[in-house]
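Here the structure is laid out as structure tokens; the discussion comes afterwards.
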Amino acid sequence: MSKRIFQIGVLLIVPILLALGIWTQPATAITEEQRVVVEAWRIVNRAYLDDTFNHQNWSAVRQQALKQPLDNPESAYKTVEKMLASLNEPFTRFLRPEQYRSLQVNTSGELTGVGLQIALNSKTGELEVVAPIAGSPAEKAGIQSRDRILKIDGIPTTQLTLDEAAAKMRGPAGSKVLLIVERDGSPKEIQVARDRIAVNPVVAQLQTSPSGAEIGYIRLIQFNANATAEVAHAIANLEKQGAEAYILDLRNNPGGLLQSGIEIARLWLDEGTIVYTVNRQGIQGNFEAFGSALTHDPLVVLVDRGTASASEILAGALQDNGRAKILGEKTFGKGLIQSLFELSDGSGMAVTVAKYETPNHRDIHKQGIVPDLNVATDRLSRDQIATAADPQYLAAVELLTNTPAIAKSDK
């Protein structure tokens, strides 16, 4: 609408200028490189969560950026990166055209690489593992949530952006990458062979507890485009098989699509707020549950330090609405919302535009979700998960079968 008003204003002003004999030639058009810089600046100016822009004059940042020599795309990209770096917030970042395109791979259901979800620690700036994808080369190599990646093929990760680090770990199936990984202050060299990773987001099975209760176990690995339909299908099948209670396993689930997390919460809730989003004006948006849940059976949700983002939204929604008990360890604490913006030359930006709050207005970011019952565990192999060797799973089974505070099934 504002653009339309501006154009009408021009039409009204031009005849007056011509009548006065003071019409001038238009200013020289900006270059493509300048256009990219200005577009990036405007997006942050309009949408970024922190309206102080890290306590700096954002208009002055624009002026300084346009003083730089911008004679090729790379010079523009580096200028934009410098602008965004001044915000001192790792999730807002510039994406070169190839990085912007490859970002779409993360939620497509299949990728080729080592199978790690990574993030920059907002306190230390270090590259940190959120979680390895189940069954991935990284998991098989022993890499764990919260490990720090110091080098990738000899290049210190302090010299790489988050997307550059991710790109260096992707590659053709069968090729290898050498990682220096630190855990508990002890660096270790790990060579990982890349492979094609089919991300099947759901594992589900009916299990019988020692007391004879039929428990539906659902492990959700990632919130990709298929996750909601797969979870709904799993619940429907387990209901037909006679499930009396459920365990939803979100351990080492690094998140993914926000909408997927919201839709999966609706599978378990008849009504209630799922999550609030708060932008820089303090305006709250909210997503609600409506309709009928697929089951009202008792539910325990398993979480750990690798449970992040959309997983935390789901766990927080079920906890605050009294639908489930949360068991395990405090979650990762990633509660910022990024939107993707495409620039005119095919590059893009991920910009933090809001933050999440649980239905009880708990801030997730850097706080995480605190479980109702804290149960620690050592690293488990994939074959040990949801077995007698899994103390968190055993505690969930006990809670479901022996705790009267959890509502009984309406069956």
Y276 ring center near H361 ring center (under 6.0 Å): yes
NZ/NE/NH1/NH2 to OD/OE distance under 4.0 Å, R362 and D320: yes
Listed partners of E74 passing side-chain contact (heavy atoms from CB on, under 4.5 Å), at least two apart: N72, Y77, K78, R96
4.5 Å side-chain heavy-atom contact, L336 and Y356: no
Chi angles and distances behind the side-chain contact (heavy atoms from CB on, under 4.5 Å) call for L120, L127: CA-CA 5 Å; L120 288 176; L127 187 65; 4.1 Å; yes
Ring centres under 6.0 angstrom apart (Y246, W268): yes
Candidate pair E128 and R146, rule salt bridge (Lys or Arg N to Asp or Glu O under 4.0 Å), full reasoning: CA-CA 6 Å; E128 192 170 89; R146 302 285 183 171; 3.6 Å; yes
F91 six-ring centre to K334 NZ/CZ under 6.0 Å and within 45° of normal: yes
Closest heavy-atom pair and its distance - N252, S145: OD1-CB, 3.7 Å
Residues, nucleotides or ligands: over 12 heavy atoms within 6.0 Å of D51 CG: yes
Salt bridge (Lys or Arg N to Asp or Glu O under 4.0 Å) assessment of D147 paired with K188: CA-CA 10 Å; D147 283 353; K188 183 180 180 181; over 6 Å; no
pair E230-T228: side-chain heavy atoms closer than 4.5 Å: no
Carboxylate-amine/guanidinium contact E39 R42, below 4.0 Å: no
Exam field: side chain Q64 to backbone V61, donor-acceptor pair closer than 3.5 Å: no
Which atom of N321 lies closest to which atom of G272, heavy atoms considered: OD1-CA, 3.7 Å
K355 vs D363, salt bridge (Lys or Arg N to Asp or Glu O under 4.0 Å): CA-CA, chis, key distance, verdict: CA-CA 8 Å; K355 65 178 181 178; D363 189 347; 3.6 Å; yes
Heavy atoms of other groups near Q191 CD, more than 12 under 6.0 Å: yes
Test item: L343 and I43 side chains (from C-beta on) under 4.5 Å apart, heavy atoms: yes
Derivation and outcome, salt bridge (Lys or Arg N to Asp or Glu O under 4.0 Å), residues R251 and D390: CA-CA 12 Å; R251 291 176 295 180; D390 184 346; 2.7 Å; yes
